[in-house]
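Below is one structure, written out as structure tokens; comments come after it.
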Amino acid sequence: MTAWTIRKLLAWIAEYLTKNEVDAPRLSAEMLLSHVLGLKRIELYTQFDRVVEKDALDRLHDLVKRAGNHEPVAYLVGRKEFYSLEMEVTADCLIPRPETELLVQRAIEFLRTREGQQHVCDLCTGCGCIVIAIAKGCPDARLVATDLCDKALAVAARNVDKHGVADRIELLCGDLFDPLVPQLDVTQWDLIVCNPPYVSTAEYEALDKNVKDYEPQLALLAGEDGLDVYRRLCEQIDRFLKPDGALMLEIGYAQGPAVRDLLERTALFATITVEKDHQNHDRIVIARRA
Ligand SMILES: C[S@@+](CC[C@H](N)C(=O)[O-])C[C@H]1O[C@@H](n2cnc3c(N)ncnc32)[C@H](O)[C@@H]1O
């Protein structure tokens, strides 16, 4: 009988995932195997010739099959790294994307230029990755985050606890700004960030299987042209953003001009900047109030 060592398993899983056209096959193999064995990825290499027991092989087999069927590895292992922080994820929340880290970086830079305690609002928080990363980068900020999905918020709550920021982040369930209305101690925010759903109906149909079949539709789809949430945000922003505050939005790869136009029509902002990501796609919009 073949002795399945870590070395052999990694090679076999990576080959299987490659054949099934799964992205980043070797990294995915490492994540699945380290998850099943309860090891860090680096420990796979320090225990390369360790023979893996049958019960672990059985669990691994099931996960590898699901990964081969394009179920996201982050859901299979229940976590994803974001801004160097480990976030729990479940199928109720979007898997945090590396592109979103740019929004966090700009948010932290903005907050660090300001005096006094800063109040931050993260709309559409999902697993809480943005609000938690900002809280870790700005220890004096007080933050609130909302999401329409209570199951995603339950994950966010566990992430908030895990990262030790529960005393500064309040999580509220509801539609965009709606849950903020009763909060009378803070009526306007210094910074409002949001990575909303922004996929159009046509783009949704063309999404890769690993996204369309597994990630929540509520986290992705935003009407016929993908701009529904930005439109609704623009209708309400005047009431919630401080006079010298900033609004920072993640946007789809070609939505820069349309989102800029929506923001310009509010006539609230002194500057509106569209920033591109590493792939030269429109990615974030920063609007500074006059
Ligand atoms: C694109 S995901 C972003 C999740 C997370 N902020 C991130 O960057 O990975 C959008 C999130 O918005 C939530 N959502 C969708 N419509 C919403 C609405 N009208 N009000 C509040 N949250 C909403 C979804 O449940 C989902 O968690």
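All values below were derived from every heavy atom in this structure, side-chain atoms included, with hydrogens, water molecules and symmetry-related copies excluded. Start at 1 and go down the list; that is how both ligands and their atoms are numbered.
Counting atoms of ligand 1 from 1 in the listed order, those under 4.0 Å from a heavy atom of Gly174 are 20 (N), 21 (C). The contact set between ligand 1 and Asn195, taken as ligand atoms under 4.0 Å from a residue heavy atom, comprises 1 (C), 2 (S), 3 (C), 7 (C), 8 (O), 10 (C). For ligand 1, the atoms closer than 4.0 angstrom to any heavy atom of Ile130 are 6 (N), 8 (O). Short contacts between ligand 1 and Thr100, defined as distances under 4.0 Å to a heavy atom of the residue, involve ligand atoms 8 (O). Taking a cut-off of under 4.0 Å to the non-hydrogen atoms of Cys149, the atoms of ligand 1 that pass are 25 (O). For ligand 1, the atoms lying closer than 4.0 Å to a non-hydrogen atom of Asp175 are 18 (C), 19 (N), 20 (N).
Judged purely by atom type and a 3.5 angstrom limit, Ser28 uses its side chain to pair as donor or acceptor with the backbone of Ala24. No side-chain donor-acceptor contact under 3.5 Å links Arg142 to the backbone of Glu170. The backbone N or O of Gly245 lies less than 3.5 Å from no partner atom in the side chain of Asp190, so there is not a single donor-acceptor pair. Proximity of a side-chain donor or acceptor of His70 to a complementary backbone N or O of Asp213 within less than 3.5 Å is not detected. At distances below 3.5 Å, not a single donor-acceptor pair connects side-chain atoms of Arg79 with backbone N or O atoms of Ala74.
At least one heavy atom of Arg232 sits less than 4.0 Å from an atom of ligand 1. Heavy atoms of Thr146 come nearer than 4.0 angstrom to ligand 1 in no pair at all. In this structure, Pro196 has a heavy atom closer than 4.0 Å to ligand 1. Residue contact check for ligand 1: Cys127 places no non-hydrogen atom closer than 4.0 Å to it.
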Trace of the side-chain contact (heavy atoms from CB on, under 4.5 Å) decision for Val285 with Tyr230: CA-CA 11 Å; Val285 177; Tyr230 302 117; over 6 Å; no
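In terms of protein heavy atoms, atom 5 (C) of ligand 1 is closest to Thr125 O, 3.3 Å. If you check which protein heavy atom lies closest to atom 1 (C) of ligand 1, you get Ala219 O, 3.0 Å.
Within the set Val104, Asp147, Leu103, Leu94, the minimum heavy-atom distance to atom 26 (C) of ligand 1 is found for Asp147. With atom 7 (C) of ligand 1 as the reference point, the heavy atom nearest to it among Cys129, Cys124, Pro197, Gly126 is part of Cys129. Looking at Leu218, Val199, Leu148, Leu176, it is Leu218 that brings a heavy atom closest to atom 15 (C) of ligand 1.
Checked by atom type, the side-chain pair Tyr253/Gln279 shows no donor-acceptor distance below 3.5 Å. Side chain to side chain, Ser200 and Glu203 meet the donor-acceptor criterion of an N or O pair below 3.5 Å. At a cut-off of 3.5 Å, with distance as the only test, a side-chain donor of Tyr198 or Glu250 sits close to an acceptor on the other residue.
By the 30° and 60° cut-offs, the orientation of the rings of Trp189 relative to Phe240 is tilted.
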